[in-house]
Amino acid sequence: MSESKYDKYFTRDIIRDGELAPFLPRVKFNSRKNFGTGNFGLRFAYVTEPFEIPEGSHAHDFEQYLCFFGTPGNVREFDAEVELFLGEENERRIITESTVVHIPVGMIHCPLRFTRVNKPIIFINSVLTDRYA
């Protein structure tokens with residue numbers, strides 16, 4: 001591809017292998033790291049087998065959206081089960097269909113467990129911040 005004045009709007013440094021699980025490559029994007037501006041982060045994984053995100057219960061000073069979708073060919077086809085724990089009481093919620101969960105500033109959440117994955121699903125973690133801490 002030839003050089004263009006628009007090259008600065010593209011980044012390819014977004015694939016991370018094995019950070020969540022050895023079998024799981026994922027897209028990991030941070031607007032400030034990749035472009036030097038903005039307040040947005042995105043993590044995307046194509047989940048093919050059960051695993052648990054190793055973070056324990058925690059809260060953030062930014063909003064977060066956890067997105068769970070069925071197979072790429074049919075996002076309504078969700079043949080998996082995900083456990084998400086919310087609030088100080090650690091309430092267990094079970095996700096069994098395509099769902100987006102809003103995590104407001106300060107809400108305690110996690111652990112997050114992909115307990116059954118009969119067909120691959122898409123998991124997107126979108127954060128409204130230029131840093132994830």
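Starting from 1, each residue takes its place in the sequence as its number.
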Practice item. Give the intermediate values and the outcome of side-chain contact (heavy atoms from CB on, under 4.5 Å) for residues Ile15 and Val27. Key: CA-CA 5 Å; Ile15 307 297; Val27 171; 3.8 Å; yes

**Study point:** Non-hydrogen atoms of Tyr9 and Lys5 that approach each other most closely
**Key:** CE1-O, 4.4 Å

Review point. Relative to each other, are the rings of Phe23 and Phe51 parallel, tilted or perpendicular (30° and 60° limits)?
Key: perpendicular

Check your understanding: Mind checking whether Ile53 and Ile95 sit in one hydrophobic cluster, side chains of I, L, V, M, F, W, Y counted as touching below 4.5 Å?
Key -> yes

Check your understanding: Can you check ring-ring contact (aromatic ring centres under 6.0 Å, His included) on Phe40 and Phe35, steps first, answer last?
Key -> CA-CA 11 Å; Phe40 179 72; Phe35 292 111; over 10 Å; no

Check your understanding: Is there a chain of hydrophobic side chains (I, L, V, M, F, W, Y, each step under 4.5 Å between heavy atoms) that links Val105 to Leu86?
Key -> no

Revision key, fill the gap. Interatomic distance, NZ@Lys33 vs CD1@Ile14, rounded to 0.5 Å, equals 10.5 Å

Review point. About how many Å separate OG1 of Thr71 and CG of Asp79, when rounded to the nearest 0.5 Å?
Key: 9.5 Å

**Study point:** Verify same cluster id: Val75, Val117 (apolar side-chain graph, 4.5 Å)
**Key:** no

Point to revise | Sidechain-backbone polar pair: Ser98 side chain, Phe69 backbone, donor-acceptor under 3.5 Å | key: no

**Study point:** side-chain contact (heavy atoms from CB on, under 4.5 Å) between Leu112 and Phe68, worked out
**Key:** CA-CA 12 Å; Leu112 178 62; Phe68 306 87; 4.0 Å; yes

Review point. Between the side chain of Ser57 and the main-chain N/O of Cys110, is any donor-acceptor distance below 3.5 Å?
Key: yes

Study note, to complete from the structure: Per side chain to side chain contact (heavy atoms under 4.5 Å, CB included), Cys67 is matched among Leu42, Ile124, Ile122 by Ile124

Exercise for review: For the pair Arg26 and Asp17, find out whether any cationic side-chain nitrogen is under 4.0 Å from an anionic carboxylate oxygen.
Suggested key: no

Check your understanding: Taking His109 for the side chain and Met107 for the main chain, is one N or O donor matched with an acceptor at less than 3.5 Å?
Key -> yes

Exercise for review: Look at the rings of His58 and His60 and say which category their plane angle falls in: under 30° parallel, 30 to 60° tilted, over 60° perpendicular.
Suggested key: perpendicular

Exercise for review: Determine whether more than 12 heavy atoms belonging to other residues, nucleotides or ligands lie under 6.0 Å from atom CZ of Arg32.
Suggested key: yes

**Study point:** Distance (rounded to the nearest 0.5 Å) between Thr99 OG1 and Leu84 CG
**Key:** 10.5 Å

Review point. His102 versus Glu63: any side-chain heavy-atom pair under 4.5 Å?
Key: yes

Point to revise | Check: Glu81 and Ile94 side chains under 4.5 Å, non-hydrogen atoms | key: yes

Review point. Going by heavy atoms in the side chains, are Asn125 and Gln64 under 4.5 Å from each other?
Key: yes

Point to revise | Spatial distance of atom CD (Glu49) from atom CG (Asn118) [nearest 0.5 Å] | key: 12.5 Å

Exercise for review: State plainly whether the residues Lys28 and Glu19 are in salt-bridge range, i.e. N to O under 4.0 Å.
Suggested key: yes

Point to revise | Gap separating the CD1 atom of Ile121 from the NZ atom of Lys119, nearest 0.5 angstrom | key: 13.0 Å

Review point. From Phe114 CZ over to Leu24 CG, what is the distance, rounded to the nearest 0.5 angstrom?
Key: 8.5 Å

Practice item. List the steps, then state whether side-chain contact (heavy atoms from CB on, under 4.5 Å) holds for Phe78 with Arg76. Key: CA-CA 6 Å; Phe78 195 98; Arg76 289 185 175 98; over 6 Å; no

Practice item. Please indicate whether Glu89 has more than 12 foreign heavy atoms, meaning atoms of other residues, nucleotides or ligands, lying under 6.0 Å from its CD. Key: yes

Review point. Taking Asp7 for the side chain and Ser4 for the main chain, is one N or O donor matched with an acceptor at less than 3.5 Å?
Key: yes

Review point. Hey, quick one: are Leu128 and Phe29 part of the same hydrophobic cluster, counting side-chain heavy atoms closer than 4.5 Å, chains of contacts allowed?
Key: yes

Practice item. Tell me, with the steps shown, if Leu66 and Phe123 meet side-chain contact (heavy atoms from CB on, under 4.5 Å). Key: CA-CA 7 Å; Leu66 303 177; Phe123 170 57; 4.1 Å; yes

Check your understanding: Any side-chain heavy atom of Arg43 within less than 4.5 Å of one from Val127?
Key -> yes

